[in-house]
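Contents: one structure, followed by commentary.
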Amino acid sequence: MSQAIGQGKFPSWLNLARTELPEFRQNLRWLMSKIADIEALIASGLWEEAGLAAERLVQAQPAIPRAHYLHGICLAHQGRMAEASESFGRAFALDPRFWQAGAALARSLDCQGRYEEALEAAEQVSKERPSDQEILGLVRGLRRQVPERDLEGWQVSLKQSWWMIDLKGPEDDE
């Protein structure tokens, strides 16, 4: 097979991938090691140290959603919810299927009273996890916080119109 690659029987990108594969593996090991270190700090409750390590990882590898997510967890545990929301939002934007980041984004926005944004994030997550009871409960709770989004079609038309109903009985006509 390696002779076939050298003879040009395979596309050039495959030849390039073959030469860069050891470097890729080394970078992947480094990344997984850093993530494991941060998760160990989190498990130990060392939020500030974990947050600093996660921040360094985000700076070194800004396209890694898990790094942003872990950074957000550390920020949230330090009570820095606005910054945590930004980190969760970046993680979710980088990988819309990373439902844990989307759920964390919705919860952090909910804590800040940013209910409409939280509901949008929770609804996106519910598309990825339609039978997850925790996510569905989050969506239901947020819909109660944003009442105009919780209305059925007939309720919207009723709300937009003023109806005067006179409730009189037959004996009241006299």
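Keep in mind the model is a prediction, meaning the values are calculated, not measured.
R29 contributes atom CZ, which lies 7.5 Å from atom CD of Q26 (distance to the nearest 0.5 angstrom). Note that OH of Y115 is 15.5 Å distant from CD of E120, once rounded to the nearest 0.5 Å. In this structure, NE2 in H71 is found 10.5 Å from CZ in R56, a value given to the nearest 0.5 Å. The CZ atom of R90 sits 11.5 Å away from atom CG of L105, with the distance rounded to the nearest 0.5 Å. Atoms CE and SG, from M81 and C111 in turn, are 4.0 Å apart once rounded to the nearest 0.5 Å. With rounding to the nearest 0.5 angstrom, the CD1 atom of I64 is 5.0 Å from the CG atom of L31.
More than 12 heavy atoms of other shown residues, nucleotides or ligands fall within 6.0 angstrom of atom CD in Q78.
For E39, the side-chain contact (heavy atoms from CB on, under 4.5 Å) test picks out I35, R66, L70, with sequence neighbours left out. For E83, the salt bridge (charged side-chain N to carboxylate O under 4.0 Å, His left out) partners at least two apart in sequence or on another chain are R80. Checked against side-chain contact (heavy atoms from CB on, under 4.5 Å), A122 has the following partners two or more places apart in sequence or in another chain: A106, L138, V139, L142. Residues meeting the salt bridge (charged side-chain N to carboxylate O under 4.0 Å, His left out) test with D132, sequence neighbours left out: R129. E128 meets the salt bridge (charged side-chain N to carboxylate O under 4.0 Å, His left out) test with R97; sequence neighbours excluded.
Counting heavy atoms from C-beta on, the side chains of I38 and L57 come closer than 4.5 Å. Two residues are said to be in side-chain contact when any heavy atoms from C-beta on lie closer than 4.5 Å; W30 and Q61 meet this criterion. Between E49 and L52 the shortest side-chain heavy-atom distance does not fall below 4.5 Å. The closest side-chain heavy-atom distance from L109 to F88 is not below 4.5 Å.
Linking ILVMFWY side-chain heavy atoms closer than 4.5 Å, directly or via other members, places L75 and I73 in two distinct hydrophobic clusters.
Heavy atoms only, all atoms of each residue included: I42 and A50 are closest at CG1-CB, 3.7 Å. Nearest heavy-atom pair across P65 and L94 is CG-CB, 3.8 Å. Across F92 and F98, no two heavy atoms sit closer than the pair CD1-O, 3.5 Å.
In this pair, W47 and H77 present their aromatic rings parallel. The plane angle is below 30°, not in the 30 to 60° band.
In this structure, the side chain of S44 engages the main chain of A40 through a donor-acceptor pair within 3.5 Å.
In this structure, L41 shares a hydrophobic cluster with L46, the cluster being traced through Ile, Leu, Val, Met, Phe, Trp and Tyr side chains under 4.5 angstrom apart.
The pair K127-E123 fails the salt-bridge criterion, with no side-chain N (NZ, NE, NH1 or NH2) lying under 4.0 Å from an Asp/Glu carboxylate O.
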